[in-house]
Chemist: 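Quick one: this structure, given as structure tokens, is what I'll be asking you about.
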Amino acid sequence: MMTQITIALTKGRILKETLPLLEAVGIVPAEDIFSSRKLVFQTNRDSVRLIILRGSDVPTYLQFGAADIGIAGKDVLLEHQGDGYYEPLDLGIARCKLMTAVPVGAPVQTGRLRVATKYINVARQYYAEQGRQADLIKLYGAMELAPILDLAHEIVDIVDTGNTLKANGLVPCGEIADISSRLIVNKAAMKTKHTEIQAIVDAFQNAVLKP
Ligand code: PRT
Ligand code: MG
């Protein structure tokens, strides 16, 4: 029987940059992903199917072996803190930075800091390393709003051009990590489906080297 490989992709902006890479690898979805509401797509290869997930769910599928290969932002992987998968390749796409940001001209916070973010684990570790006491407030989006409404003194969020921060009266402050999307592989699958998976990882490596 043919070995089936399931590749979990992150929807949204990462997906847009993933599809050209996939094509360079020689994997083409059987139908247009963007105009479909399907979550599972067959491809030009009988042995390969694609599933489309929210970024934060990709490491979970990989950890439990529900998918063999995945593509997710490093921010999501840092926050997930899971194991059960390898991270063999930096795809160099969807680049950005994970940063702290504060209101323009904000006084230095001497007391206990309130920080709003969806990256609770990353933020906890960062402020601990800085030796700063911080109370973390979990948000699921629109972090930039939190300082405006005094919910938090500062935020931890993704920054690319900085336009979103600027538009909301914030300035980037501390750099936490350089972010790009990574290829991840389930550890058990790497053993049991080694030939097939290594071939796909190698093809991605080549696609990244000569875009
Ligand atoms: O839907 P979900 O809640 O999972 O997240 P989302 O809607 O933020 O997803 P999406 O499609 O934006 O993709 C998120 C992933 O793309 C992240 O996990 C990163 O790995 C990567 N990425 C790369 C970015 C950005 N660049 C980015 N600029 N994710 C988000 N942004 C947002 C940021 O949150 C902020 O609102 O863009 C804004 C900042 O951009 P600038 O250019 O104004 O600084
Ligand atoms: Mg989204």
Side-chain angles (χ1 to χ4, degrees), residues 7-22 29 32-39 41 50-63 66-67 69-82 85-104 115-126 136-149 151-152 154-185 204 207-208 211:
I7 305 180
L9 304 181
T10 293
K11 67 180 180 185
R13 72 178 80 211
I14 292 177
L15 183 61
K16 289 200 186 77
E17 295 190 47
T18 298
L19 290 181
L21 270 183
L22 258 189
D32 180 45
I33 293 179
F34 290 107
S35 62
S36 170
R37 305 195 66 166
K38 282 190 181 176
L39 302 173
F41 293 86
L50 307 173
I51 58 175
I52 311 298
L53 302 174
R54 180 149 207 195
S56 43
D57 289 335
V58 170
T60 307
Y61 273 70
L62 265 289
Q63 179 172 7
I69 295 175
I71 292 177
K74 182 65 179 178
D75 52 322
V76 164
L77 300 178
L78 289 170
E79 181 62 17
H80 185 258
Q81 303 190 326
Y85 51 83
Y86 301 111
E87 191 190 305
L89 202 57
D90 183 345
L91 298 173
I93 59 172
R95 288 182 184 279
C96 53
K97 285 183 192 296
L98 201 48
M99 302 196 70
T100 69
V102 298
V104 179
V115 180
T117 185
K118 70 174 171 187
Y119 302 98
I120 289 282
N121 293 324
V122 173
R124 183 181 300 115
Q125 196 180 334
Y126 174 77
L136 301 172
I137 301 173
K138 168 85 182 184
L139 291 178
Y140 293 86
M143 267 73 80
E144 305 84 9
L145 197 54
I148 296 174
L149 297 185
L151 175 61
E154 57 185 73
I155 64 172
V156 168
D157 197 6
I158 296 284
V159 182
D160 180 16
T161 61
N163 290 340
T164 306
L165 293 181
K166 199 171 179 192
N168 290 288
L170 301 171
V171 282
C173 190
E175 251 188 70
I176 301 178
D178 280 316
I179 304 299
S180 55
S181 297
R182 309 299 163 98
L183 193 80
I184 56 179
V185 177
F204 269 102
V208 169

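Model, not experiment: these values are computed from the prediction. Counting starts at 1 for both ligands and their atoms, in listed order.
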Chemist: What donor-acceptor contacts under 3.5 angstrom involve side-chain atoms of residues 175-185, with partners at least two apart or in another chain?
Modeler:
residue : atom : partner : partner atom : Å
E175    : OE1  : K97     : NZ           : 3.4
D178    : OD1  : K97     : NZ           : 2.6
S180    : OG   : D90     : OD1          : 2.8
S180    : OG   : D90     : OD2          : 3.3
S180    : OG   : R182    : NE           : 3.1
S180    : OG   : R182    : NH2          : 3.2
R182    : NH1  : E87     : OE2          : 3.1

Chemist: With the side chain counted from C-beta on, respond yes when I158 and L98 share a heavy-atom pair under 4.5 Å apart, and no when they do not.
Modeler: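 Yes, side chains in contact.
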Chemist: Judged on heavy-atom distance to atom 18 (O) of ligand 1, which of D57, V159, T164, D75 sits nearest?
Modeler: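 Answer by nearest heavy atom: D75.
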Chemist: How about F204 and P88: do any of their side-chain heavy atoms sit closer than 4.5 Å?
Modeler: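 Heavy-atom side-chain distance check fails, nothing below 4.5 Å.
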Chemist: With atoms numbered from 1 as shown, which atoms in ligand 1 lie under 4.0 angstrom from a non-hydrogen atom of G73?
Modeler: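 Close to G73: 20 (O).
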Chemist: Do V58 and I71 have side chains that get closer than 4.5 Å, going by heavy atoms?
Modeler: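 No, their side chains stay 4.5 Å or more apart.
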Chemist: Does the residue E144 have a heavy-atom contact with ligand 1, meaning some pair of atoms that are separated by less than 4.0 Å?
Modeler: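 Yes; E144 lies near enough to ligand 1 that a heavy-atom distance drops under 4.0 Å.
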Chemist: As a test of understanding, state which of N168, L170, L145 forms a side-chain contact (heavy atoms from CB on, under 4.5 Å) with I155.
Modeler: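 Considering N168, L170, L145, a side-chain contact (heavy atoms from CB on, under 4.5 Å) with I155 is found only for L170.
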Chemist: Can you sort out which atoms of ligand 1 are near N163, meaning under 4.0 Å from one of its heavy atoms?
Modeler: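 Near N163, the atoms of ligand 1 are 43 (O), 44 (O).
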Chemist: When you look for heavy atoms under 4.0 Å from ligand 1, do you find them on the side chain of L165, its backbone, both, or neither?
Modeler: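 None of L165 does.
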Chemist: Please could you name the atoms of ligand 1 that I179 approaches to less than 4.0 Å, counting only its heavy atoms?
Modeler: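 Those atoms are 20 (O).
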Chemist: Indicate yes or no: at least one non-hydrogen side-chain atom of V122 is less than 4.5 angstrom from one of D75.
Modeler: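 Result no, sub-4.5 Å side-chain heavy-atom pair not found.
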Chemist: For ligand 1, which atoms sit closer than 4.0 Å to a heavy atom of C96?
Modeler: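 That gives atoms 22 (N), 23 (C), 26 (N) of ligand 1.
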Chemist: Within the 4.5 Å heavy-atom criterion, are Y126 and T100 side-chain neighbours or not?
Modeler: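 Result yes, sub-4.5 Å side-chain heavy-atom pair found.
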Chemist: Identify which of K16, R13, K11 has a heavy atom lying nearest to atom 14 (C) of ligand 1.
Modeler: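 Among K16, R13, K11, the closest heavy atom to atom 14 (C) of ligand 1 comes from R13.
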Chemist: What atoms of ligand 1 come within less than 4.0 Å of a heavy atom belonging to G12?
Modeler: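 Every atom of ligand 1 under 4.0 Å from some heavy atom of G12: 11 (O).
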Chemist: Could you check whether any heavy atom of K74 sits closer than 4.0 Å to an atom of ligand 1, since that is the contact criterion I want to use?
Modeler: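 False for this residue.
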Chemist: Looking at side-chain heavy atoms only, is the closest gap between L53 and T60 below 4.5 Å?
Modeler: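 The answer is no; the side chains never approach within 4.5 Å.
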Chemist: What part of D157, side chain, backbone, both or neither, has a heavy atom within less than 4.0 angstrom of ligand 1?
Modeler: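 Answer for D157: side chain.
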Chemist: Quick one: does I14 get an N or O within less than 3.5 Å of an N or O on ligand 1?
Modeler: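 No, I14 has no N/O under 3.5 Å of an N/O on ligand 1.
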Chemist: What pairs with V171 under side chain to side chain contact (heavy atoms under 4.5 Å, CB included), at least two apart in sequence or on another chain?
Modeler: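 V102, V104.
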Chemist: Determine the minimum heavy-atom distance between A207 and L21, stating which atoms define it.
Modeler: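 Minimum heavy-atom separation between A207 and L21: CB-CD2, 3.8 Å.
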Chemist: Is the shortest N/O to N/O distance between D160 and ligand 1 below 3.5 Å?
Modeler: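 Between D160 and ligand 1 (N or O atoms, distance only) the closest approach is under 3.5 Å.
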Chemist: If you measure from atom 44 (O) of ligand 1 to every heavy atom of S56, G162, P172, A94, which option wins on shortest distance?
Modeler: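 Answer by nearest heavy atom: G162.
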Chemist: Show which atoms of ligand 1 fall inside a sub-4.0 Å distance from at least one heavy-atom site of K118.
Modeler: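 So the atoms of ligand 1 that pass are 3 (O), 5 (O), 8 (O).
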